[in-house]
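A short worksheet on the structure shown next.
So you know, we letter chains A, B, ... as the sequences are listed, proteins then strands, and number each from 1.
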Amino acid sequence: MSSKTLPLLFINLGGEMLYILDQRLRAQNIPCDKAKKVMNDIITTMFNKKFLDELFKPQELYSKKALRTVFDRLAHASIMRLNQASMDKLYDLMTMAFKYQVLLCPRPKDILLVSFNHMDAIRDFVRDTPSILSQVDETYRQLIEMYTPLSGGEFQLIRQTLLIFFQDMHIRVSIFLKDKVQNSNGRFVLPTSGPVPFGTQIPGLIRMFSCSGDEVKRVQFRSAGNYSSALREGSFEMYGERVIKLGTNMYSVSRPVETHMSGASKNSAQHTKVSTAPNPLAKEELNLLARLMGGLEVRKPANPDSRFRVNLFATDEEEEEALISRPDELSYEVINIQATKQCRVSALLKATTTGGEFRPVTYGYKGPAGQRRASSDHG
Amino acid sequence: MYHKEKSIQIKSSASALYNNLSVLRIAPRCLTYFTVVHANVVNMVSASWDGLNFSHRQLQSKEGNIAASSSLIMQASWCVLPSRELLVLTSQKGIQMYESDGSIMVYWHALDNPETPTAQAVFARGIAAVRENYICVGISSGSVLVFDIPSKGSNVMLSEVLEEHRDAVTDMASECSGSLEYMADLVTADDSGLLCVWKSGEDFQLLHKIPGFDVSCSSVKLWKGTVAAGYGTGQIRIYEAVTGIVHAEVNAHARWIYSLDIAPFSGLLLSGAEDSLVRVWHLTMNPDANSVEVEHLYSECITDTQICGAKFCDGDGYAFAVTGYDLSEIIRYTQA
């Protein structure tokens, strides 16, 4: 499938992550300077030049495992800490939000406008910090250079690649359920009304022509939908009105972020059983991942005591409960890269990890009893 | 006009790919086979006509002749030739041809895959059986491979490579009326919307190029010398194949069309799109006036589903089947 999908996947998921973290930081009344530091640190790491250069190379999409590992690292790029349950929930929200945006994009090309919506918000988060701002602007340029020349068909291929990545994910998100954009079975509502995509005509007209090209007959049929004319096209430039609302921030302090774990569709487990292909996290992917992570420099915090924990649940008890009750088929099985000593990956990571007091939270394998085994047990 | 029948469950959900449903009717055994692609796997289900027996099989994409692969399958389609029926799978790595029940792989053709991924994706997509003994397959580079198929056995040969398309091939179709009176045997479509019309033979001959309008043509059918093409804008256009004359333009769907099918005995046209709608149309030929009339007959909304496959189950269009992204079932309708 498309070899140009990863940058869009990463930037949009990253954008959603920032929306959610921003909301949680404010909801938990984290002091302004600390909150700002977290956002700045994460954004700096996300838009690190070496990292982005790797990301923009033509390549197949990573597996879910590999991508989750990247986001784990990213979420811990600063003084903020997340427990496993909160990280799981964060990732659920990010992925379901972007799945929704990809599905509902009127045209495949509009995925780029969704990406620009995320980028616009990120630029706003760091508008007071020129050094990070220039990194963000550089990324706009890379996106414009890579994606604006693509045809509708190539964008559809990118979209189809993303939809395969999101296949069978039906996690219910409270904010989506409340807004009636998601059904109780976890599937998104696809409206059959509203403006048609830019470039599409409202369904209903049949025109018939003679062999000399003159229109000889015009018939209207009942189209079983309630469509209106297309809105104007959004801007694909660095600055501009994007028109599409998908990809803008839907969270605010008053709209908490929750997911329902119970009732997650049984089908979500199916796709993991089907493939008898070789271990998807083969040596090649580990090496790719290492190169990518090598660019994710984790900065040593100036003051270790400035660390704090963010909870994506309303209470600590809820967070603990979520960890225990998470269905096994939804476990992300994050790679514990530090445990695979044979691979050169660990050497690379050691070079970038600060070691000492601040280490990323490592997630062990979830055993059948739902308990976490220590990382040393990882085979 | 149609009512819903009991759906057929499949082992995994359908991926969002063009023309993601293929149907093979086996009258002597009162069976119908269906295939639906899920990532690197093809779900095959055989359904008995009495609705009582279903059997499932899964085929996987390959790497080389033997090794199972995680490479993604773009399309699976049955090719019906006078002497035999083959099931063809096209993936990122190559083209696999199986006996029609999926039991034995008859032929494997590897695509030229560069060492490191390039900006231009590599895959095969677009499958058609043409005349007596050809199976044609499209490539992301725009090439169309023509394979010469023996009446039995595995001695398949690559006969020719047609180089007219500059953009990735999306779909192709051969003349399905069963009549030999029409000059055009095959129409191929690509991402720019360009349609190429061919006459088959030892050397395929390009009869006409119908230009695109910078909109991808995702699905195409050829019937009685007439091309029906579905586009990313949701429009269906009807052309005369050998001249490119536009007979009709239909503002059919509000989103990208994913699948078209024609029932050759009745002239019914089926369209399915991302807008959740399946529509049935009727094509009436007026050979004296050299025109085609299009009439809308029926629409069905598959709620909250982006349709990726829609096919008639028989030559009259008495029944049709539909697949949708993320759905693990084949939805069926029959005439009331």
Greatest number of heavy atom pairs closer than 4.5 Å to chain A - which of [options]:
options	answer
B:S291, B:S15, B:S216	B:S15
B:N290, B:V215, B:T170	B:N290
B:I245, B:I236, B:V122	B:I245
B:E295, B:R125, B:R279, B:E300	B:R279

Quiz item: Less than 4.0 Å between a side-chain N and a carboxylate O, is that true for A:K50 and A:D53?
Solution: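 Looking at A:D53 and A:K50, the cut-off is not met.
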Proximal component of [X], with respect to chain A [non-hydrogen, under 4.5 Å]:
X	result
B:T305	backbone
B:A14	backbone
B:A119	both
B:H296	both
B:E240	neither
B:A254	both
B:Y231	neither

Quiz prompt | Verdict with reasoning, A:L143 to A:L8, per side chain to side chain contact (heavy atoms under 4.5 Å, CB included) | solution = CA-CA 9 Å; A:L143 282 172; A:L8 293 181; 4.1 Å; yes
Quiz prompt | CZ (A:R222) with more than 12 external heavy atoms under 6.0 Å | solution =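 Atom CZ in A:R222 is not crowded, with 12 or fewer foreign heavy atoms closer than 6.0 Å.
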Under 4.5 Å from a heavy atom of chain B, the part of [X] involved:
X	value
A:F188	backbone
A:K99	side chain
A:S223	both

Self-check item: Inter-residue atom distance B:I8.CD1 - B:I330.CD1, 0.5 Å rounding
Solution: 5.0 Å
Quiz item: Got a second to check how far A:Q160's CD is from B:Y18's OH, nearest 0.5 Å?
Solution: 5.0 Å
I'd like to verify something: which residue of [options] has the highest number of heavy-atom pairs under 4.5 Å with chain B?
options	value
A:I202, A:T200, A:V219	A:T200
A:S210, A:C211, A:P191	A:C211
A:L205, A:T192, A:N183, A:V196	A:L205

Answer yes or no: is there a donor N or O on one side and an acceptor on the other, between the side chain of [X] and the main chain of [Y], under 3.5 Å?
X	Y	result
B:S259	B:G309	no
A:D110	A:E233	no
A:E154	A:S151	yes

Exercise. Indicate, with yes or no, if the rings of B:Y258 and B:Y325 have centres closer together than 6.0 Å.
Key: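 Here the rings of B:Y325 and B:Y258 have centres that are no less than 6.0 Å from each other.
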Quiz prompt | Sub-6.0 Å ring centroid separation between A:F98 and A:F166 | solution = yes
Quiz item: Among A:R207, A:K217, A:R218, whose salt bridge (Lys or Arg N to Asp or Glu O under 4.0 Å) with B:E249 holds?
Solution: A:R207
